[in-house]
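Below is one structure; the comments refer to it alone.
Starting from 1, each residue takes its place in the sequence as its number.
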Amino acid sequence: MEVRENIPILELTTMRLGGKARFVLVVETPEDVKKAHDFAKERNLPTWFMGGGANTIGRDGGFDGVVILNKIKGIFVKHDGKVIPIKDFKGETDEAETEFVGMGGEVWDDFVKNTAELGYSGIEAMSAIPGTVGAAPVQNIGAYGQDLAQVVTEVEVFDAKDNNFKVLKKHEMNLGYRCTRFNCGEDAGRFFVISVTVRLKKDQLKPPFYNSLQRKIDENGETDFSPKNIRRLVTEIRESKLPDPELIASAGSFFKNVYLDKAGVDAAEAKGIPVWRNADGTGKINSGWLIENCGLKGQELYGFRISDKAALVLINETAESYNDLKKARQKIIETVKEKFGYIIEQEPVEIGGNKE
């Protein structure tokens, strides 16, 4: 376990904002996680669990506590009653479904790549989402019609409250849209994700697809819907729209989409607002569409630019203060509410708790 002291949070997060964290502990094994928790407990300091920092915002005041960085690596397959490294699995099985295990510190997109190339469907539309495997259940990540809740079976965690390791089954995770047991309610921040297990099918997606993916397929005349090819198409879409957070300071999609009940879907469509309908009649509005149709796309606000390629993305061009982000965020929210009547919400979490 590596112990670092007085580390700027802006160095740990892709939005590149935030003062110093008192301690940063880098953990590479489950045993390290227990040691890190004991380290914080001995000093009576709060903890904050973090992966790649792609969906995390730092504040100017920093964090007077212990940031525990998840660097636990490994991708495995449950096969013939054993858990084996994915490199030793050739996909030769009669089973229609197979469980794959990603350790929490693995890059999420590497996990998707490995499973898609073996021909397994279930997470290929979530290709190129920045961050780690361990962050996936925290946010219940999703894209292009897929989300983790559809495939996750269990998550191994360290429980900071009970000071032990345990396995949470899907029904224990409260997986909602960007709100789960891991980040909402009384258990927020309680669990450090050691590994995530998903059950995937040797299959492929079937049309119709999520709007932007369907357009890409139609434009290119695509007929190959294998996991590997869907992954390629989704990656191309995301690369054309979203800045690489390693190169350009941003936190990916900054606002959550607007979820609607059946009546809300009907009302939105009556106003000419595009809605993605679910099978049960509920649906969602892409908040990027709302922002763009407020005329904000490409605008600069307090050192942040609303991306001219994807209006959901805020790019930190010159801002150095959380207060700048706060003002830019509020301007966008107020503009959307004034024109369309919807209140859009920030997606990235903020170190230390709810946004200021």
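- In this structure, T282 contributes its side chain and N278 its backbone to no donor-acceptor pair below 3.5 Å.
- Although no hydrogens or angles enter the test, the distance criterion places no donor-acceptor pair under 3.5 Å between the side chain of Q139 and the main chain of A135.
- Between I351 and L12 there is no side-chain heavy-atom pair separated by less than 4.5 Å.
- Scanning for side-chain hydrogen bond (donor to acceptor under 3.5 Å, both in side chains) contacts around R43 gives an empty result, with sequence neighbours left out.
- The distance from the CD atom of E236 to the CG atom of N220 is 7.0 Å, given to the nearest 0.5 Å.
- Pairs passing the ring-ring contact (aromatic ring centres under 6.0 Å, His included) check and including a residue from residues 272-310, sequence neighbours excluded, read Y210-W276, W289-F340.
- For G176 against N140, the heavy-atom pair with the smallest separation is O-ND2, 2.9 Å.
- Distance check: D159 CG to F191 CZ gives 4.5 Å after rounding to the nearest 0.5 Å.
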Apply the test side chain to side chain contact (heavy atoms under 4.5 Å, CB included) to residues Q204 and I230: give CA-CA distance (whole Å), side-chain angles for both, the deciding distance (0.1 Å), then the verdict. CA-CA 9 Å; Q204 63 180 34; I230 291 294; over 6 Å; no

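- Hydrophobic cluster membership differs between V33 and W48, with clusters built from Ile, Leu, Val, Met, Phe, Trp and Tyr side chains linked at under 4.5 angstrom.
- The number of heavy-atom neighbours closer than 6.0 Å to CD of E186, taken from other residues, nucleotides and ligands shown, is 12 or below.
- Heavy atoms only, all atoms of each residue included: T47 and A40 are closest at CG2-CB, 3.4 Å.
- The side-chain hydrogen bond (donor to acceptor under 3.5 Å, both in side chains) search around N229 returns E222, R232, not counting sequence neighbours.
- The side chain to side chain contact (heavy atoms under 4.5 Å, CB included) test applied to E172 returns L168, K169, R181, not counting sequence neighbours.
- Between A21 and V67, the shortest heavy-atom distance links the atoms CB-CG2, 3.9 Å.
- Counting only residues at least two apart or on different chains, the ring-ring contact (aromatic ring centres under 6.0 Å, His included) pairs with a member in residues 56-100 are H79-F89, F100-Y120.
- Taking CD1 of I194 as the start and OG1 of T29 as the end, the distance is 8.5 Å to the nearest 0.5 Å.
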Given V151 and R199, is the side chain to side chain contact (heavy atoms under 4.5 Å, CB included) satisfied, shown in steps? CA-CA 5 Å; V151 295; R199 181 178 289 124; 5.7 Å; no

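- Remark: Y342 engages no residue in a ring-ring contact (aromatic ring centres under 6.0 Å, His included) (not counting sequence neighbours).
- The shortest side-chain heavy-atom distance between T335 and I291 does not fall under the 4.5 Å cut-off.
- Side chains of S321 and N323: no donor on one and acceptor on the other come within 3.5 Å.
- Looking at L118 and K202, their side chains never come closer than 4.5 Å, going by heavy atoms from C-beta outward.
- In this structure, F111 and V196 have side chains that are not in contact, with every pair of non-hydrogen atoms separated by 4.5 Å or more.
- At a threshold of 4.5 Å between non-hydrogen side-chain atoms, the residues K297 and S307 do not count as touching.
- The shortest side-chain heavy-atom distance between V313 and L242 falls under the 4.5 Å cut-off.
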Using distance only, find each side-chain donor-acceptor pair of residues 248-261 under 3.5 Å and give its atom names and separation, not counting sequence neighbours.
residue	atom	partner	partner atom	Å
N257	OD1	S287	N	3.1
D261	OD1	A263	N	3.3
D261	OD1	G264	N	2.7

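- The side-chain hydrogen bond (donor to acceptor under 3.5 Å, both in side chains) test applied to R277 returns D266, E269, not counting sequence neighbours.
- Between D308 and R305 no salt bridge is recorded (no basic side-chain N to carboxylate O distance below 4.0 Å).
- Within the structure, every pair that satisfies the ring-ring contact (aromatic ring centres under 6.0 Å, His included) test and touches residues 4-25, not counting sequence neighbours, is listed here: F23-F39.
- Listed for the N316 side chain is a donor-acceptor partner under 3.5 Å among the backbone atoms of M15.
- In this structure the side chain of N286 reaches within 4.5 angstrom of the side chain of L312, judged on heavy atoms.
- Counting only residues at least two apart or in different chains, salt bridge (charged side-chain N to carboxylate O under 4.0 Å, His left out) contacts with residues 20-29 comprise R22-D64.
- Within 6.0 Å of NZ on K166 lie more than 12 heavy atoms contributed by other residues, nucleotides or ligands.
- Dense packing is recorded around CG of L247, with more than 12 heavy atoms of other residues, nucleotides or ligands lying under 6.0 Å away.
- Shown here for K170 and V152, the closest heavy-atom pair between the two residues is CD-O, 3.5 Å.
- A donor-acceptor pair is defined here as one N or O able to donate and one able to accept, closer than 3.5 Å; no such pair exists between the side chain of E95 and the backbone of E97.
- Closest approach of V138 and T180 over heavy atoms only: O-OG1, 2.7 Å.
- Other residues, nucleotides and ligands contribute at most 12 non-hydrogen atoms within 6.0 Å of the CD atom of E320.
- No close placement of the F182 and F49 rings is indicated, their centers lying 6.0 Å or farther apart.
- Ion pairing of E292 with K241 is absent here, as no side-chain N (NZ or NE/NH1/NH2) approaches a carboxylate O to less than 4.0 Å.
- Using a 4.0 Å cut-off between charged nitrogen and carboxylate oxygen, R231 and D109 count as a salt-bridge pair.
- Evaluation of the side-chain hydrogen bond (donor to acceptor under 3.5 Å, both in side chains) rule for D218 yields Q214 as partners, not counting sequence neighbours.
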What's the verdict on side chain to side chain contact (heavy atoms under 4.5 Å, CB included) for I332 and L314, showing C-alpha distance, side-chain angles and the deciding distance? CA-CA 10 Å; I332 296 167; L314 276 185; 3.8 Å; yes

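- A heavy-atom distance below 4.5 Å is found between the side chains of W108 and M126.
- None of K41, K35, K34 except one satisfies the side chain to side chain donor-acceptor pair (under 3.5 Å) rule with D38; the exception is K34.
- The minimum heavy-atom distance linking V157 with V193 is given by the pair CG1-CA, 4.3 Å.
- A distance of 12.5 Å separates CE of M50 from CG of L25, quoted to the nearest 0.5 Å.
- The neighbour count for K284 NZ, taken as heavy atoms of other residues, nucleotides or ligands under 6.0 Å away, is above 12.
- Note on R190 versus D162: salt bridge recorded, some NZ/NE/NH1/NH2 to OD/OE distance being below 4.0 Å.
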Side chain to side chain contact (heavy atoms under 4.5 Å, CB included) between Y144 and I237, worked out: CA-CA 11 Å; Y144 303 101; I237 293 170; 3.2 Å; yes

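- In terms of modelled atom types and a separation under 3.5 Å, the side chain of Q150 and the main chain of G145 share a donor-acceptor contact.
- Applying the salt bridge (charged side-chain N to carboxylate O under 4.0 Å, His left out) test to every pair with at least one member in residues 114-143, sequence neighbours left out, gives these pairs: K113-E117.
- In the hydrophobic clustering of ILVMFWY residues, with side-chain heavy atoms under 4.5 Å counting as a link, F158 and V101 come out together.
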